[in-house]
Each structure stands twice: as C-alpha cells, then as structure tokens.
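Presented below is the structure to which this report refers.
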Amino acid sequence: MWKWFHRLASPPHLYRTAAAFAPWFAFAAALLIGYGLVDGLVFAPPDYQQGDAFRIIYVHAPSAWLSLFGYTTMAVAGAIALIWRIKVGYAVAAAAAPVGASFTLSALVTGSLWGRPMWGTYWAWDPRLTSELILLFLYFGVISLRKAFEDPNRGDRASALLGIVGFVNVPIVHFSVYWWNSLHQGGTVMRLGKPEMPGSMLWPLLAMLAGFMCFFGAVLCVRVRGEILSRERQSTWVREVVSA
Amino acid sequence: MHEPAVGLTAEKIHVWRGDRHVLRGVSFAARPGCLLHVHGPNGTGKTTLLRVLCGLLRPESGVVRWGGDPIETIRSEYQRAMTYASHEAALKGDLTALENLRYAVGLKRRVPDAQLRTTLERTGVGLCADLPARVLSAGQRRRVAMARVLAMRSTLWLLDEPYTNLDAKGGDLLTALLDEHVGAGGIALVVAHHALPLTGAVDRLELAA
Amino acid sequence: MHEPAVGLTAEKIHVWRGDRHVLRGVSFAARPGCLLHVHGPNGTGKTTLLRVLCGLLRPESGVVRWGGDPIETIRSEYQRAMTYASHEAALKGDLTALENLRYAVGLKRRVPDAQLRTTLERTGVGLCADLPARVLSAGQRRRVAMARVLAMRSTLWLLDEPYTNLDAKGGDLLTALLDEHVGAGGIALVVAHHALPLTGAVDRLELAA
Amino acid sequence: MILRSGFWAMGGYARFVWPSIGFALAILAWNVWSARRHHARALVRVRRAIQMARSEES
Amino acid sequence: MSAAETDVGLLRGIGLVLARELRLGFRRPDQLLQPLVFFLIVTTLFPLALSPLTSLLRAMAPGVLWVAALLSSLLSMETLFKADADDGTLEQLALSSQPLGAIVVAKTIAHWLVSGAALVAMSPLVATALSVPPRALPTMLASLALGTLTLSWLGAIGAGLTVGLRRGGVLLSLIVLPLAMPLLIFGASATDRAIGGENPAGALYFLAALCVFTTSLGPLAASAALRITLE
Amino acid sequence: MSAAETDVGLLRGIGLVLARELRLGFRRPDQLLQPLVFFLIVTTLFPLALSPLTSLLRAMAPGVLWVAALLSSLLSMETLFKADADDGTLEQLALSSQPLGAIVVAKTIAHWLVSGAALVAMSPLVATALSVPPRALPTMLASLALGTLTLSWLGAIGAGLTVGLRRGGVLLSLIVLPLAMPLLIFGASATDRAIGGENPAGALYFLAALCVFTTSLGPLAASAALRITLE
Ligand code: HEM
Ligand SMILES: Nc1ncnc2c1ncn2[C@@H]1O[C@H](COP(=O)(O)OP(=O)(O)OP(=O)(O)O)[C@@H](O)[C@H]1O
Ligand SMILES: Nc1ncnc2c1ncn2[C@@H]1O[C@H](COP(=O)(O)OP(=O)(O)OP(=O)(O)O)[C@@H](O)[C@H]1O
Ligand SMILES: [Mg+2]
Ligand SMILES: [Mg+2]
C-alpha cells in the first residue's frame, strides 16, 4: 500500500496514470450525465409540492456536492504535499482549485434560480447560502494567493496552508442546515436508511452525482497532467515525453 | 564672476540635518569635459550634496547654478540636461529591465526599444532585458541603472557610488563609459571611496568629517 | 568522509531560479580558522548561495552540514552559531542604532547596552548610537550592521558584500576584524568582488557564469 | 414526447429551470475547454524551456 | 539629433506614465481584481452582521454601498505613490523633464480606471443583492461614477501628503475621509431618493460640481503635496 | 563565557520582541491612534450616510460596530510583518536562535495590545453614540474583546501568507475576511441579543471557543506561513 502510494507520488508515474484514467472517466461521465439529464428532465414525475421546478436538483445537488468535494480534494492534497513533502500533491491541489471554484459558482447560481420560485427570493442571508458563498471566496483566496507569488514553490506551499486553514468551512457548509434552522432543506439523498425520494426521481439524481464525480475526475486528470508538465519542465523525462 | 557661465557650479552650500551641520559651505565649479570625484569618509554629506545638486533637497543657503542660472529658475531645462543615479538602483520590481528603461528614459526623449536593448547589452545585461527587475541580482540591477544613465544622453551625470555591487569587469566598463562621456564634453560628478582609474583628468572634491 | 566533521560543508547544492539553473552543484568545506572568499561575476549566484547556507532558501538538491549534521535537523543550534549579513543593512529605521542592536543581538545572548555601545564605537559609529537608523548615511548603516555581526559573537559569519559603501578606513577596519575572527578559530564566508587583503590564508570559491 | 409544449414550459417554471440547466452545462463546458487549454499552455511552456536550454548550450 | 525631433511633449508624457501604470496593474490581473473583491466582501459583511430583513437591508443599502466604495477606493489609493517612493522610482519620475502635475494626473487617472471604474461596473450586482430596486440603479451608477472619480483625486492629495510615512495608510484615511464626507452624504442621499422614487437631481448636480472642482484643483494640490514630501 | 550565563530563554525572547514592537509603536504615538481613529470614522460615517432614525440606528449598531472593528483590525494587521520584511529585519528575526513561533506570538500580542485592546476600550463611547442601551455594553465589550483577539490571530496567519507580496493588503483581506465571517455573525448576534434583552450566552460561548481555538493553533499556522513566504 505504502509502496503503491510512493509510486503514485512520482511525477512521471502520476502523469501516465492520469493519462490512462482520463478517457474512462470522460466516457463514464458522458454516459451518466446523458442518462441523468434525459431521465431527470423528461421521464421523472413532477414533485407533488414543487412541480417541475424541482428538476433543478439534477444540476444543483451535484454541483454543490462537487464544490465541497473539490475543496476537500484540494485541502487533502495540499496537506499531503506539505507534510510529507510530496510535490505532486501541489499539482493536484492546483488542479482541483479552479474546478471546485467553478462548481461552487454553479451551485450558487442554480441554487438562486431555484430559490426564486421556492422561497420567493434569489438570495437570502441564510447559513447554508452564506457559508457556500464564503467557500467561493476561499477558493478565490487560495487561487489568487498561489498566483501572487513569483516563485511557484512558495505559492504552492502558501496556498496549501491557506487551503488547510480554510477547510473548517467545509463542515460548516454541510452541517449548517442541521445546526441552524435554515431555509435550505436538509439532506435528502445522503440520509442513512431510506431516502425519502421515490426511485423514479432518485435514480437520475444518483446518476448525475456519479456523472459529475467522473467528470471531475476527468478534468482533474487533464489539469494534473498540465500542472506536472509545467512544474517538471526542467526534467529529462518531460523533455523526452514532449519532444517524442 | 568673470568666467563664462557654463557647466555646474555650487556656491557656499550649507545644509543642516537634524542637529548636524552636514555641508558647511561647499563650493565648486564643474565645466564641460570635467569629472569631479566627490569623496570623503562615511557620513560627511556626499549623498546630501548630490541630492542638493539635483534639486531634490533645498539647501539652507547657497546656490546651485547650471549655465549661470540658479537651478530652481530653470527647473525643466535643467532636468532635461541632468541624470541622477542614487544609492539604490531605482527600478520597478514588477517591470522588466527593458520596460523600466522605456518608461524612465521615454519621459526625457523618444527612444525605440531596439536602442534600449542595445544599451542594455552594452552594460552586460542584455540577457536580463525581459526579466522582471525583482529577480535580478544586486549587480545586475546596478547595470540596468547604468544603462538608464547612458540612454538618457544627458550632459550632466550625478552618480552616487556607481561602482557598488559591480564585479571587476563591470567596474572597468563603468570607467570606460565615464571616460567616454567626459571626453565628449559631458560633466560627471561621481561619489566613490576609491581612486578613479580614469585616463582623463579628474578633479577631486573632498568632504571632511 | 573520513575527516572529522567540523565546520560548514556544502555538498552538491543545486538551485533553480525561474528557468535559470543558478547553482549547479556547488560544494565546499570551511573548517574553523578558514576564510572563504566567494566571488564571481554579477548574477552567478553568490547571494543565492549565502541564503541557502543560512537556511532561508531550500535548495532543490544537496545538503548543507554544520558539524556534520544537515542544518534543517539542528536549526536552533545552527542559528545560534551563525550570523548572516545581507546585501542590505537590515536596520529598523525608527529605532536608534543602539536599539537595533539591542533587539537583534538580545535574541541570541544577553548583552548589556554598555557593551553594545563599545561595539558601535569600535566600528566607528559611536556618535550615531542614539540616532534613528533612518537618518544614517549608507556607510554608517553598514557600520551598524558590522557592529551587529561583531556583537553576536557567532562562530560562523556569512557576509554578503560587506565592503559596500564603506570608506577606506572602514574597509581596513573590516579586514582587521575578519583577520581577528578567523585567527580566533572562527569561520567566515565573504562575498566580495575584489581581492581580500587579509594577513591570514584565504580560500577562494569561484562561481562561474 | 419532447416536442410536447408542456415539456419546454416546465410547468410554468421554465424561466428558472432552463437557465440553471444551461448554466450548469456551461460550467461543464468551460471546465472542458479550460482544462484542455491549460494542458496546451503547459506544453508550450515546456517547449519554450527546451528551446532555452538548447540556446544556452550552444 | 535636434531637440525638436526627440523632445517629449506633455501629452506624450502623460500617455507614457498612463501606459506604465496600466502595465503594472495588468501584470498581475488577480491583483487588479482585488479592490473589487474587497468591495464585494464588505458589502456581504453587512447583511451577515445584521438580521437580514429585506426592509432593513434596503434602508441601509445606499449607506453600505457608499461606505464600501469609499473604503475600497481608499485602500487601493494607498499604493498610488508609496510603491514608487519605496523603490526610488518616484524620485526618478520627479526628476524627469515632465512637470510633476502631469505625472500625478496620469497616475490618478490610471488608478481610477483600474479601481473606480471597475467598481462602478460591478455595483448593480451588489445593489441587487442588497435588494435595491432596478429603477434606482441608473442614479446609483451615475453617483458612484462621479463619486469614485472625486475620491481618486482626494486620495491623490492624501497619498501625496502621506507618502514616505510609515503606516501612511491609516493616516491617509484620516486625511481623506473627512474630505470625502460631503461626497458620502450626497451620494447616499441621491441613491436613497432614487430608491424611494423621489427626484435625485439636486444631489447629483452637487456631486458633479464636486467632481469638476476636484478634477481641476486635484492635480495642483496633489503635486504640491508630493513636492513637499519628496524633499 | 558559559552558554548558561548568556543563553536567552523563550520567555525572555518573547518579552524582548514584545518590547521592540511596543517601542516601535510608541515611537509614533499618532500612528498608534490610527486604527482607533479609523474605527471612529467608520462608525460615524454610517449615521451620516443614512437618515439617522434612532430605531434604524439601533438595529444597525451591532453590525456597524463589528464591521468597523473587523476592518480597522484588518487594516493595521497589514503592517504586522510587512514593515519588517521590507527592511530585512524579519529575516534577521527568523535567523535568531528563538523559534519563529515565539516571535509570531510576541508580535501578534503586541498588535492586539495597541489596536484591539484600545478599540475595545473605546467601543462603549461609539456604541452609546449609536444609541445602544447601556445594559448591552458588557456583552458588547466581552464579545469585542474575544473577537478582536481571534481576529489578530487570523490576521497573523493572513499577514504571514501575504508578506512580501505587492498589494498584499487587499489579498490579506480576501484571505482573512471569509475566515472572519463566523466571528462577525456571532459577535453581532451576541450584541444584538443583548440589545433586545435576550440571553447572549450561546453566542459568547461560541466566540470564546473560537478564541481559544485560534489562540492555540494560530501561532503554529502563522509561523508556518511565515516560514514559507520568507524563503
Ligand atoms: C443560492 C442558493 C443555494 C445554495 C448556495 C445552496 C447550496 C447547497 C449546497 C452547498 C448543497 C450541498 C450540501 C451538502 O452536500 O452537504 C446543497 C444541496 C442541496 N440543495 Fe441547495 N442551495 C441553494 C438553494 C437551494 C434551493 C432553493 C433548494 C430547494 C428548495 C435547494 C435544495 C437542495 C437539495 C435538495 C440539496 C441536496 C441535499 C442533499 O441530499 O445533500 N438548494 N445546496
Ligand atoms: N536628522 C538627523 N540628525 C542628525 N544627523 C543626521 C540627521 N539626518 C542626517 N544626519 C547625518 O547627516 C549625514 C548624512 O550624510 P550623507 O548620507 O550625505 O553621507 P555620505 O557622505 O553620503 O556618507 P556615505 O559615504 O556613508 O554614503 C550623516 O552623517 C547622518 O548621520
Ligand atoms: N525568476 C527568475 N528567472 C530567471 N532568472 C532569475 C530568476 N530569479 C533569479 N534569477 C537569476 O538568478 C541569479 C541570482 O543571482 P544572485 O543574486 O545570487 O547573484 P549574485 O552572484 O549575488 O550577483 P551580484 O554580484 O550581482 O550580487 C541572477 O542572475 C538572476 O538574474
Ligand atoms: Mg552616501
Ligand atoms: Mg549578490
């Protein structure tokens, strides 16, 4: 296990692994998202309370999920890199940040569009909503801190540290609906035991969740490859790979 | 004065800093083709004198004249004719060496980038032209500052310890440039702690403690 | 290595800055009583090397050892034994020269103000002891920095162009101090562009372009 | 079935449903585009570095 | 070469300094966005700190918007001359043959372009989040545009006076904020009246007058201030 | 001399750095007052920008107080390491034989003493001007005291991360403000509840917990940040 971990941590190996995985992720993502969209938008019955507006869930929940998953990926990769001095960790963290930020934006926008018919307003200063907005700011902070350094090594380490410090916000986003009485509804899918949703609504949602995760994986693979290339541009293996 | 009023003259410059009477009636005349080597122990007012001469500091008493006129009265003409290089290299860290030159020299005369590149090559930092000044080494920054002085094509150079941080080759280059400038009828005031190995004549102005 | 592990050694230090491979496998050993004169043209990595040696910069590869141990592993011990003087004088403008010394040296060893004043007098800036560092001249700032190095009483001195801005007397003083330090079994690494006129033996480390 | 007008109307919520689907898909598309551009730029940087190294050698 | 051939005119000088400032700004695009982000963050802080009742929000919105604009403009103002003073390039600019006033004008305009103008462009979004009704947006935009330009000039004077002082930033706010008070009062009241459906023309005219006044005297005052502190 | 005789212990080291910071602060007493004056100005700007109805003012007061405290603390935070980094003394401090954490602790405490503590002491005056009833003052004082200390630690982390960057100040706020938002929410709500006569204990406990948390982890994180940026 430890050996495998170390092998993966070598840049050329991760570079090749990412290349091998990317098309599979992309393929799975296309299938799952395609199925989820069609089944969710066309075949699933309208919600008895929300009518057809509930269909926004098929993009909102996966986006919101990825916003948290992306941040977690970034923080964990950064922590691994900082603690064990594993350089590819920084590459993964740098690759995850913009992707996660984009899904945070997507969660905010789709959520607001959903909020208007449900709560009568696009925006409210509700704990879940606010903490999600803070998450976006944190992403921005991490990204611009990395860019603010001339020396990429220092930028990597500084933004990894900030990512770790900012991680406190992730549980806040997730649990805010339980800790405070919130406009936003609590977990429906991830509840242990029986989900309260009928299968006809649930299956496309699960497909979308899985599809978005695969999509994240595919994009991350491509970005990690790019990060590794430009970080290792002085090394001989990159030169061989590129000039070949 | 019965001599023709050309070049830079200073008459009885007095400057106090805090409670110290730093410059106590400094006078000199520097005519075209003259290099004035300003020297003296640390803290005797060489930098202070140069700042007075370039008009950044107003002396308590005394006049600085350029071509016979007090410099305050002909400020823009004087500033066109003069270039000052201070203790620090005065470069913008976020701009490249070339851009630094472009925006500094460009305010004095129109100059194409190609010419600035040539000047940078001449002072030995042609390869650093497109690096941000922030990452340059101390000596490279000095060389860029030297290129700026050159590119200004001013008559009067006021240089505060220009040999600082330069390697042996850089020092020789600077000496050659000073020789050339003075030989072509320019005026240079140079602060330095060691003797200047110029081929031409060197006047010396000693500031005593 | 079969020799006893004392002093400062560097093994195959590699450093990249931007796209430049600045230090390409620098190695040396400096034993007690040794002065290492680091020289080479501008921009060849002398300052970079000194920052690696004092632990402010992590090299891409290579180790710096103090008494045989890598310096990261014995950081606080190493920092107690070492003093670094950078290109700039590193003084707080709002504090007086004496206060600057007090707060810098005081973190390494307990030292009464009277002793610091004596050190300042020794480096020729006793009269500036109570002036804020902001108003000091370039050479006076250097001399205060020199006093700081002296007052630290460290075994290892890392000095980056310490002769900068010093007048002739100041240069001689510095040479004498270096001689004394090395003579008493200290180690000094000195970056300078000219030959060092020391009486003792001087090792040379040349960084090539 | 898709062609029935009720589908596009989304039960009166078309104004909210379609923009959010559209925005989410746009984010997906942006991610694909920017990841590919990121990779292409990295390649350019590597090529430039190789060139610089060659010119330094010669 | 003849003097005429190579002489640099006033306009060309201003253009050159403007180009320099913009290039410095765009060299770090993320930093260009920072006054904006600051503006956004400060405006989100308020609803957070208050119980977010829409009616209360709407009543506060003009105040919040204007105070945020003021602070954000002020923060970025601090670096107007300070960065140049620290690295010695300000001295070089002052010794160039261009008049100091021209340099001040160029730097201030560049500052407004990269901070004030961007802020104005962003403000409708923020205003909507603070539940300002759409009909008040044109007035708010006009008042903010005039106000931020005036602020840039005031800030230039303050920055000129405080450059070279340690912690000049906070001192700068002490100097500029009192000067900016009338601006704030009239700007907020114009927006407020527009929200309430009243006629905001009076306040807008006053803002315009202030803007013209500072634009004409600002360069003079700022370059005088700079000359004093440079010495 | 023997090592024992001259060695400098941890506490003595912290004390020395603390003395240095305070001396630097008091060398310019006018600048010492600046965060305070900034706090005063921001809190007076609001009533100016709004129609000063007492009821509205009272509803806004906790928010205004807290936002002003946050911004004022943040602004002065910027210079925490920057001034030392610019003149090279931070490097010297880092190379002294004291652990970097100790130096960070000393600097942060000094910062809190000259900005946070002074601000807390001043707040009753401002609160009264914003027509906060006297019965809410103890809660407000307690919450501000806890809050400003927490802020100082958060600020130290942010300042450590951004030291040496151009325009680090705005980046600093981008980093610190999101982290400070929970603080703001709970601080304002504690004050708000106290004004409304409700029990603020819950929010105060939360603030106290945050304060303990940041005080214990802050030095670590801030010195790690500093070590990264110093390189
Ligand atoms: C701007 C507004 C909104 C934001 C920022 C937002 C944010 C989020 C976030 C961050 C999550 C993921 C939570 C987690 O995984 O722990 C989430 C999930 C969810 N949101 Fe929203 N939301 C918004 C509006 C809405 C609205 C209006 C609705 C419906 C009335 C809604 C329904 C849901 C549902 C059903 C989930 C999935 C819950 C689960 O099973 O975990 N959201 N939202
Ligand atoms: N406010 C003040 N109070 C007392 N003395 C001051 C004050 N300001 C400046 N000085 C003194 O004035 C002198 C300024 O000298 P200046 O910088 O011109 O010296 P210099 O000849 O350039 O020295 P160097 O060779 O070291 O560069 C210094 O001796 C300094 O100590
Ligand atoms: N980001 C970067 N990109 C390219 N080159 C860089 C970068 N950062 C530093 N350099 C180069 O690295 C070298 C740093 O050298 P250093 O400052 O150690 O030189 P030095 O030997 O001390 O020179 P000097 O005698 O001038 O003080 C310089 O040549 C500089 O141009
Ligand atoms: Mg001098
Ligand atoms: Mg050097």
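To find a chain, count down the sequence lines: A is the first, B the second, and so on, and within it residues start at 1.
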Answer yes or no: are there more than 12 heavy-atom neighbours, outside B/Leu127 itself, under 6.0 Å from its atom CG? no
Based on non-hydrogen pairs under 4.5 Å, which of B/Leu57, B/Leu56, B/Val105 is most in contact with chain E? B/Leu56
Side-chain donor-acceptor pair under 3.5 Å between B/Tyr78 and B/Thr73, yes or no? no
What part of B/Glu99 is in contact with chain E, defined as an atom under 4.5 angstrom from a non-hydrogen atom: side chain, backbone, both or neither? side chain
With chain E, which of B/Glu77, B/Arg51, B/Met152 has the greatest number of heavy-atom pairs at distances under 4.5 Å? B/Arg51
Verify, without hydrogens or angle tests, whether B/Asn100 (side chain) and B/Leu95 (backbone) share a donor-acceptor contact under 3.5 angstrom. yes
Top contributor to chain B interface from E/Pro99, E/Gly88, E/Ala102 [non-hydrogen pairs under 4.5 Å]: E/Gly88
B/Ser154 portion near chain E, given a 4.5 angstrom heavy-atom threshold: neither
Residue part contacting chain E, namely of B/Arg102, when any heavy atom lies under 4.5 Å: both
Relative to chain E, which segment of B/Arg148 carries a heavy atom at a distance below 4.5 Å: side chain, backbone, both, or neither? side chain
Any side-chain heavy-atom pair from E/Gln98 and E/Leu10 closer than 4.5 angstrom? yes
Classify the ring geometry of B/Trp16 against B/His21: parallel below 30°, tilted from 30° to 60°, perpendicular beyond 60°. parallel
Begin with the C-alpha distance, continue with both residues' side-chain angles, and end with the deciding distance and a verdict on side chain to side chain donor-acceptor pair (under 3.5 Å) for E/Thr108 and E/Trp153. CA-CA 7 Å; E/Thr108 312; E/Trp153 286 116; over 6 Å; no
